[in-house]
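What follows is one structure encoded as C-alpha cells, with my remarks underneath.
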2 protein chains.
Amino acid sequence: MELFQDRGYVETTVQEIAARAGLTERTFFRYFADKREVLFSGSKELQKSIIARIESAAREAGPLDVVVGALEAAGAELQDQRGLSFVRARYALVTQHAEIQERELIKLAALAVGVTRALHARGVAEPAASLAAEAGMAVFKIGFERWVNERKPRDFAAHIREAAVALKALTAGNKVHARQTLSRPVKKSISR
Amino acid sequence: MELFQDRGYVETTVQEIAARAGLTERTFFRYFADKREVLFSGSKELQKSIIARIESAAREAGPLDVVVGALEAAGAELQDQRGLSFVRARYALVTQHAEIQERELIKLAALAVGVTRALHARGVAEPAASLAAEAGMAVFKIGFERWVNERKPRDFAAHIREAAVALKALTAGNKVHARQTLSRPVKKSISR
DNA sequence: CCTCCTGATGTCAGCAACTGACATAGCCGT
DNA sequence: ACGGCTATGTCAGTTGCTGACATCAGGAGG
C-alpha cells in the first residue's frame with residue numbers, strides 16, 4: 001500500500017514490492033498468483049466467515065434475509081478489522097485501476113457462487129439461490145459504495161440494511177404486468 | 001475463436017492471432033487494448049442498444065421493469081445476431097479462463113453504470129437507480145446461464161423474464177432483519 | 001502530373017509480468 | 001552426523017504490451 005500510494009500502482013514493480021519485504025521477486029510469486037493478488041489478502045477469510053454465517057443462520061429465515069444478514073455481519077467485521085481509512089485508501093486504488101477492479105469483481109462473483117452453494121445446502125431451490133446470492137452482492141456493493149463515499153461515516157452494516165430495504169421497495173413497487181411490450185421483430189428461431 | 005479453440009486460449013499468442021488476420025502484432029494492439037478485448041467486439045454496441053431502449057421506454061414503467069425489458073430485448077438481439085452455438089463456444093472460453101471472466105465482469109459493471117445513468121435521466125433517485133441496475137445485471141446473468149446451459153434451447157428473453165419474476169418473488173416474501181419474528185412461512189416456489 | 005498530407009501499417013527495441021528448472025540454506029527429527 | 005523437507009534464491013526464457021520512428025498508399029489541391 002505504501003509503495004502503491006507513493007509511486008502509483010502501475011509504476012510500482014513487483015521487484016520493488018518484494019525488495020521492500022526483504023524478499024526476491026520469485027518469492028513474491030510463490031505467495032501471490034500475480035501482482036494484484038497482494039491487494040486481496042483477507043478475502044478468503046472474509047468469504048469463509050460469510051458462508052459460515054449463512055450455514056448457521058436461523059432455519060426459518062428467508063434466503064435473501066440470510067444473505068443480507070451474513071453480509072451485514074461481515075461488513076461490520078471488515079469495518080472493525082481494517083478501519084474506514086484503510087478501506088478508503090484501498091477503494092481509491094481499486095476505482096483508479098480497472099485491472100484491480102476486475103479482480104475485485106471476480107472475487108465478488110466467487111463469493112456469490114459460495115453463497116449460492118450455502119443456500120443450496122439450506123434447501124433453497126435453484127433460481128432462488130443464485131438470485132438471492134446475486135441480489136445480496138448488489139446490496140453489498142451499493143451499501144459499500146455509499147459507506148465509503150460518505151462524508152460523515154456511519155455504520156457499514158446500516159448501509160447494507162438500507163440498501164436491502166430499498167431493493168425490496170424496488171421490486172415490490174413494480175407490478176409484473178406493468179411490463180412494457182417491446183416490439184421485437186421476429187427473426188429466425190434458434191434452430192439447430 | 002478458431003485459434004482459441006484449437007490451441008487453447010493461453011497457448012494462442014497475439015502474434016498468431018495477428019498473423020491469422022494478415023497483420024502484425026503491433027497492429028493488433030492498435031485495435032484491441034489487450035489480448036482479451038478481441039473477445040468483446042460487440043459489447044459497446046450492445047450496451048448502447050440497451051441504454052437507448054431504457055431512454056425510450058414508457059414513462060410510467062417502473063425502473064426495474066424498464067431495465068429488465070431492455071435486457072430482454074438486447075438478449076433477443078444477441079440470440080439472433082450471434083446464435084446460440086457461437087454464444088456457447090464463447091461462454092466455454094469465459095468460464096474456463098478467469099482472465100477472460102474478469103473482463104466479462106467489468107463489462108457488466110460498466111453496463112450497470114450506464115444503466116444507472118440512464119435511469120437517473122428518467123428521474124429515478126439514487127439508491128433505487130443503482131439497485132435496479134445491479135438487480136438487472138443479476139437477472140441477466142442468471143437468465144443467461146440458464147439459457148446457455150439448457151439442453152433444449154428456449155428463448156433467451158424468456159429466461160430473463162423468468163429470472164425477473166423469481167427475483168420479485170424472492171424479495172416479496174421476506175422482511176429485512178427478521179430479528180426474531182418471521183413474517184410468514186417461507187415459500188420456496190418458482191421455477192421450472 | 002506532382003506534391004503534400006493523412007491514416008494505417010510495419011519495424012525495432014525495450015520493459016515488466018510471470019514461469020520452469022535447478023541450486024542453496026536452514027531447520028527438524030532420527 | 002545424517003538425511004529430508006521447506007523456504008528462498010538464481011537464472012534464463014516467454015509473452016503481453018508500449019513508445020518511437022519509418023514506410024506506404026490514397027486523396028486533395030495546385
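Below, read A as the first sequence line, B as the second, and so on, with proteins coming before strands; counting in each chain starts at 1.
Taken from CD in Q96(B) to CZ in F4(B), the straight-line distance is 12.5 Å, to the nearest 0.5 Å.
Side chains of E126(A) and S130(A): a donor on one and an acceptor on the other come within 3.5 Å.
Both tests pass for R90(B) against the ring of F40(B): distance under 6.0 Å to the centre and angle within 45° of the axis. A cation-pi arrangement, defined by a distance under 6.0 Å to the six-membered ring centre and an angle within 45 degrees of its axis, is absent between R36(B) and Y9(B).
For T24(B), no side-chain nitrogen or oxygen approaches OP1 or OP2 of dT9(C) to under 4.0 Å. Distances shown here put every side-chain N or O of Y31(B) at or beyond 4.0 Å from the OP1 or OP2 atom of dA8(C).
Across every non-hydrogen atom of L64(A) and G136(A), the tightest pair is CD1-N, 4.3 Å.
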Counting primed atoms, P, OP1 and OP2 as sugar-phosphate and everything else as base, the B/S/- map of nucleotides 14-27 of chain D against protein heavy atoms under 4.0 Å is --SBBBB-------
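Residue E99(B) contributes atom CD, which lies 15 Å from atom P of dA17(C) at whole-angstrom precision. The separation between R103(A) atom CZ and dC18(C) atom C1' is 13 Å, rounded to whole Å.
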Under the salt bridge (charged side-chain N to carboxylate O under 4.0 Å, His left out) criterion, do R88(A) and E150(A) qualify, and how do the steps go?
-> CA-CA 11 Å; R88(A) 274 186 174 153; E150(A) 209 169 31; over 6 Å; no
